[in-house]
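The analysis underlying the following values was restricted to heavy atoms, covering all of them including side chains, and did not include hydrogens, waters or symmetry mates. Proteins come first, then strands; the chains are lettered A, B, ... in the order of their sequence lines, and each starts at number 1.
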2 protein chains.
Amino acid sequence: MKNPTEHLCADERTISKMLNNLPSEKDLSRICDILGAMNSGTRLKTLYLLLEGEMCVRELAMALQVSQPTISHSLRTLRQLDLVRVRKEGRFAVYYLADEHVSTFLEMFRQHAGEYK
Amino acid sequence: MKNPTEHLCADERTISKMLNNLPSEKDLSRICDILGAMNSGTRLKTLYLLLEGEMCVRELAMALQVSQPTISHSLRTLRQLDLVRVRKEGRFAVYYLADEHVSTFLEMFRQHAGEYK
DNA sequence: TAGAAATATGTACATATGTACATTTATTTA
DNA sequence: TAAATAAATGTACATATGTACATATTTCTA
């Protein structure tokens with residue numbers, strides 16, 4: 001017996017129309033890269049620390065209790081995706097969040113996680 | 001010679017204050033999980049497809065050109081993190097985005113990637 | 001109640017990834 | 001200029017992860 005609420009599978013034309021509305025391969029690739037870059041305890045904490053203010057490498061290593069090379073690798077990953085930027089001050093490398101996009105992501109995720117029961 | 005703009009490393013007290021402002025371990029863990037769940041071409045495309053409207057498993061498999069088990073595994077991952085939800089309609093499993101948080105994430109990332117040169 | 005259709009799960013394997021160690025480079029100061 | 005401090009890079013390895021294959025489960029229909 002036919003169920004009136006029965007799901008109707010979309011035809012190929014409808015599906016290909018939906019596919020056209022996806023972000024471009026280039027954009028998808030960048031989004032994936034960003035998600036990957038943020039997807040690490042160390043890097044995520046690094047970003048949230050920088051949300052409070054710029055810090056140099058040694059401070060980050062101290063705060064996160066990881067070795068200097070480890071945090072340096074993390075920072076390179078974040079730098080390559082332009083999530084953080086560096087400013088040289090004497091012999092210190094001072095890191096800070098790249099722009100408000102990044103801050104907004106961080107705030108949003110924090111809010112979402114906070115609301116999640 | 002002292003450089004007046006020389007960076008001053010924060011003392012332990014300042015750093016521990018910054019650490020207190022981090023999201024809780026629980027929240028960080030959930031954020032990481034979400035980032036990880038979205039960090040896959042198949043799953044990211046799945047989410048963007050569902051942003052256009054709910055779809056059943058077979059449609060998603062067709063659209064993404066992957067096997068049914070593959071998309072099913074992806075959907076389980078997304079389901080477990082409550083990024084998508086299912087509704088049973090007859091013998092079809094109709095998937096849709098869990099809430100506006102997810103839609104907002106997707107729109108934001110798309111916009112960010114679009115603006116990125 | 002068979003058989004078919006839709007989906008979910010189990011298992012495995014090749015690849016990707018995070019972090020640690022040692023080392024190098026760059027900058028400062030004594 | 002030599003020593004010391006700050007940071008970056010090279011390399012390696014153990015672990016995590018995505019996807020494919022086969023199979024099980026559920027639901028509908030003939």
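- Residues passing the side-chain contact (heavy atoms from CB on, under 4.5 Å) test with A:S67 are A:P69, A:T70, sequence neighbours excluded.
- Residues from residues 75-85 of chain A that place a heavy atom under 4.0 Å from any atom of DNA chain C: there are none.
- Residues A:N39 and A:K88 both approach DNA chain D. Their nearest nucleotides, taken by heavy-atom distance, put A:K88 toward the 5′ side.
- The side chain to side chain donor-acceptor pair (under 3.5 Å) pairs that include a residue from residues 75-86 of chain B are B:R79-B:Y95, B:D82-B:R85, where partners are two or more places apart or lie in different chains.
- Applying the salt bridge (Lys or Arg N to Asp or Glu O under 4.0 Å) criterion to A:E52, with sequence neighbours excluded, gives no partner residue.
- A donor-acceptor pair shorter than 3.5 Å can be found between the side chains of B:E115 and B:Q111.
- A heavy-atom distance below 4.0 Å to DNA chain C is reached by these residues of residues 43-52 of chain A, ordered by number: A:R43.
- Residues passing the side-chain contact (heavy atoms from CB on, under 4.5 Å) test with A:S29, sequence neighbours excluded: A:D33.
- Applying the side-chain contact (heavy atoms from CB on, under 4.5 Å) test to B:R58 and every residue at least two apart in sequence or in another chain returns A:C9, B:C56, B:M62.
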Close N or O pairs between protein and nucleotides 13-15 of chain C (under 3.5 Å):
none

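- Listed by chain and number, the residues in a side-chain hydrogen bond (donor to acceptor under 3.5 Å, both in side chains) with A:E25 are B:K45 (sequence neighbours excluded).
- Ring geometry for B:F109 against A:F109 counts as tilted: the plane angle lies between 30° and 60°, on a 0 to 90° scale.
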Could I get a table of every N or O pair under 3.5 Å where one atom is in the protein and the other is in nucleotides 20-22 of chain C?
{"unit_1": "C:dA20", "atom_1": "OP2", "unit_2": "A:T70", "atom_2": "OG1", "d": "2.7"}
{"unit_1": "C:dA20", "atom_1": "N6", "unit_2": "A:H73", "atom_2": "NE2", "d": "3.4"}

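- Within a heavy-atom distance below 4.0 Å of DNA chain C, no residue of residues 10-19 of chain A is found.
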Contacts under 3.5 Å, N or O only, protein and nucleotides 1-6 of chain D:
{"unit_1": "D:dA6", "atom_1": "O3'", "unit_2": "A:R91", "atom_2": "O", "d": "3.3"}

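- Proximity note for B:S40 (side chain, C-beta onward) versus C:dA8, C:dT27, D:dG18: the nearest is D:dG18.
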